[in-house]
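What follows is a set of notes on a single structure, which appears directly below.
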Protein chains: 2
Amino acid sequence: MKNATSLAKIDGIDKKILRFLMEDARKPVLEIARSIGISGAAIHQRLRKLEASGLLSGSKFIVNPKSLGYTTMAYIGIYLDKAMSNPMAVKQLEKIPEVLECHYTTGNWSILIKVLCRDNEHLMQVLNKEIQAIEGVSRTETFISLAQQIDRQISI
Amino acid sequence: MKNATSLAKIDGIDKKILRFLMEDARKPVLEIARSIGISGAAIHQRLRKLEASGLLSGSKFIVNPKSLGYTTMAYIGIYLDKAMSNPMAVKQLEKIPEVLECHYTTGNWSILIKVLCRDNEHLMQVLNKEIQAIEGVSRTETFISLAQQIDRQISI
DNA sequence: CTTGAAACGAGTGCAAC
DNA sequence: GTTGCACTCGTTTCAAG
């Protein structure tokens, strides 16, 4: 089995296919086939290969959080006590649904997380009642995202 | 036309459909139909409604950056000169493909960006030759993500 | 690695409830 | 708002170039 971290060799046709599907995962394979001038079966086989190589790690429907009343996004830097191990903290953070990302970072903090809340009050509750309540969390620094102006994937 | 920021009313069936598709955008509608016990046509119509309401903002194939040799992710806080407007800086940042996200944040920085690079050397080049070169960028603070331990969408 | 054909299954629109 | 049907179209496999 191929290691997921091994480099995939992709050619120009693979790139074209990926560019279409990164924009719209449900775009029919045959439509892509017509656009780039090869057969649908060829695309299908290339996709199977890309998937097997670990380059394609799935597809997702994107939901607009604003439509669900979630309008406040924030990054929170977390300082951990020396005694608190990172994996233990992550385990607790996983239980908080508002936490969308969690990074183990260099620099001031031990952990940087991204949270999505309905409003500032909701964010305050998550901070005070959920995150600060985690054993080993000593201090946090919050940065509210007033606007997300770029959001994209790696360009290929 | 409905405003994208208006709250969508979704029921339990909508939620079930969304949970399936947020995991795998290419999951066949009829398969979902069988799982939750309604007809395929009903799901099709609900999806059209959700799309029209702005709740569904598309679908994406997820590519694994490691397979392309991109192993270094970092967050960079950017201080802007007073004279430099945020939109002008964002316009420059958009031209840098390594910049995946850009947030206008409260707190110390004017801007917080997420970048994805092949390695530390590549990151250094992006920092020194691309980001620091932008007119109005006075100082940056870089936080390398040693590991991304959580990565998910809003839970519904 | 690519193609074309064939079989299967899914997407879509519509009429009816 | 849901259903069943019918038709169209896409997906997938396979043998062969």
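So that the names make sense, note that chain A is the first sequence line, chain B the second, and so on, each numbered from 1. Model, not experiment: these values are computed from the prediction.
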Take the protein atom [atom1] of [X] and the nucleotide atom [atom2] of [N], then report the distance between them rounded to whole Å.
X	N	atom1	atom2	answer
A:R48	C:dC1	CZ	P	14 Å
A:I43	C:dG4	CD1	C1'	15 Å
B:L47	C:dA10	CG	C1'	13 Å

Summary of salt bridge (charged side-chain N to carboxylate O under 4.0 Å, His left out) pairs that have at least one residue in residues 128-138 of chain B, sequence neighbours excluded: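 Non-adjacent pairs meeting salt bridge (charged side-chain N to carboxylate O under 4.0 Å, His left out): zero.
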Which residues share a side chain to side chain donor-acceptor pair (under 3.5 Å) with B:T72, sequence neighbours left out: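 Applying side chain to side chain donor-acceptor pair (under 3.5 Å) to B:T72 gives none.
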Side chain to side chain donor-acceptor pair (under 3.5 Å) against A:Y75, all qualifying residues, sequence neighbours excluded: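 For A:Y75 the side chain to side chain donor-acceptor pair (under 3.5 Å) partners, ignoring immediate neighbours, are B:E101, B:H103.
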Can you give the donor-acceptor pairs under 3.5 Å from side chains of residues 118-125 of chain B to other protein atoms, not counting sequence neighbours?
{"residue": "B:D119", "atom": "OD1", "partner": "B:E121", "partner atom": "N", "Å": "3.2"}
{"residue": "B:D119", "atom": "OD1", "partner": "B:H122", "partner atom": "N", "Å": "2.8"}
{"residue": "B:H122", "atom": "ND1", "partner": "B:R118", "partner atom": "N", "Å": "2.8"}
{"residue": "B:H122", "atom": "NE2", "partner": "B:E98", "partner atom": "OE2", "Å": "2.9"}

Option passing side chain to side chain contact (heavy atoms under 4.5 Å, CB included) with B:L93 (candidates B:V137, B:I134, B:I76):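 One option only clears the test, and that one is B:I134.
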ring-ring contact (aromatic ring centres under 6.0 Å, His included) partners of B:F20, counting only residues at least two apart: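 So B:F20 forms no ring-ring contact (aromatic ring centres under 6.0 Å, His included) with any residue.
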Phosphate OP1/OP2 of C:dT2: any A:R46 side-chain N/O under 4.0 Å: yes
Residues touching DNA chain D, which here means a heavy atom under 4.0 Å, drawn from residues 25-38 of chain A: A:P28, A:V29, A:L30, A:R34
Span of DNA chain D in contact with chain A (heavy atoms, under 4.0 Å):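 That gives a stretch of D:dG10 to D:dC14.
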Under 3.5 Å, which donor-acceptor pairs do the side chains of residues 79-88 of chain B form with other protein atoms, sequence neighbours left out?
{"residue": "B:Y79", "atom": "OH", "partner": "B:R139", "partner atom": "NH2", "Å": "3.4"}
{"residue": "B:Y79", "atom": "OH", "partner": "B:E141", "partner atom": "OE2", "Å": "2.9"}
{"residue": "B:S85", "atom": "OG", "partner": "B:M88", "partner atom": "N", "Å": "3.4"}
{"residue": "B:N86", "atom": "OD1", "partner": "A:Q149", "partner atom": "NE2", "Å": "2.6"}

Closest-nucleotide 5' rank along DNA chain C - winner of A:S39 and B:H44: A:S39
Bend angle of the helix from C:dC1-D:dG17 to C:dC17-D:dG1, end axes from five pairs each (to 10°): 30°
Under 3.5 Å donor-acceptor, A:S67 side chain and B:A8 backbone: no
Any residue meeting side-chain contact (heavy atoms from CB on, under 4.5 Å) with A:A133, in chain and number order, not counting sequence neighbours: none
What donor-acceptor contacts under 3.5 angstrom involve side-chain atoms of residues 29-45 of chain B, with partners at least two apart or in another chain?
{"residue": "B:S35", "atom": "OG", "partner": "B:E31", "partner atom": "O", "Å": "3.1"}
{"residue": "B:S39", "atom": "OG", "partner": "B:A42", "partner atom": "N", "Å": "3.2"}

side-chain hydrogen bond (donor to acceptor under 3.5 Å, both in side chains) partners of residues 16-28 of chain B, not counting sequence neighbours, each pair once: A:S59-B:D24
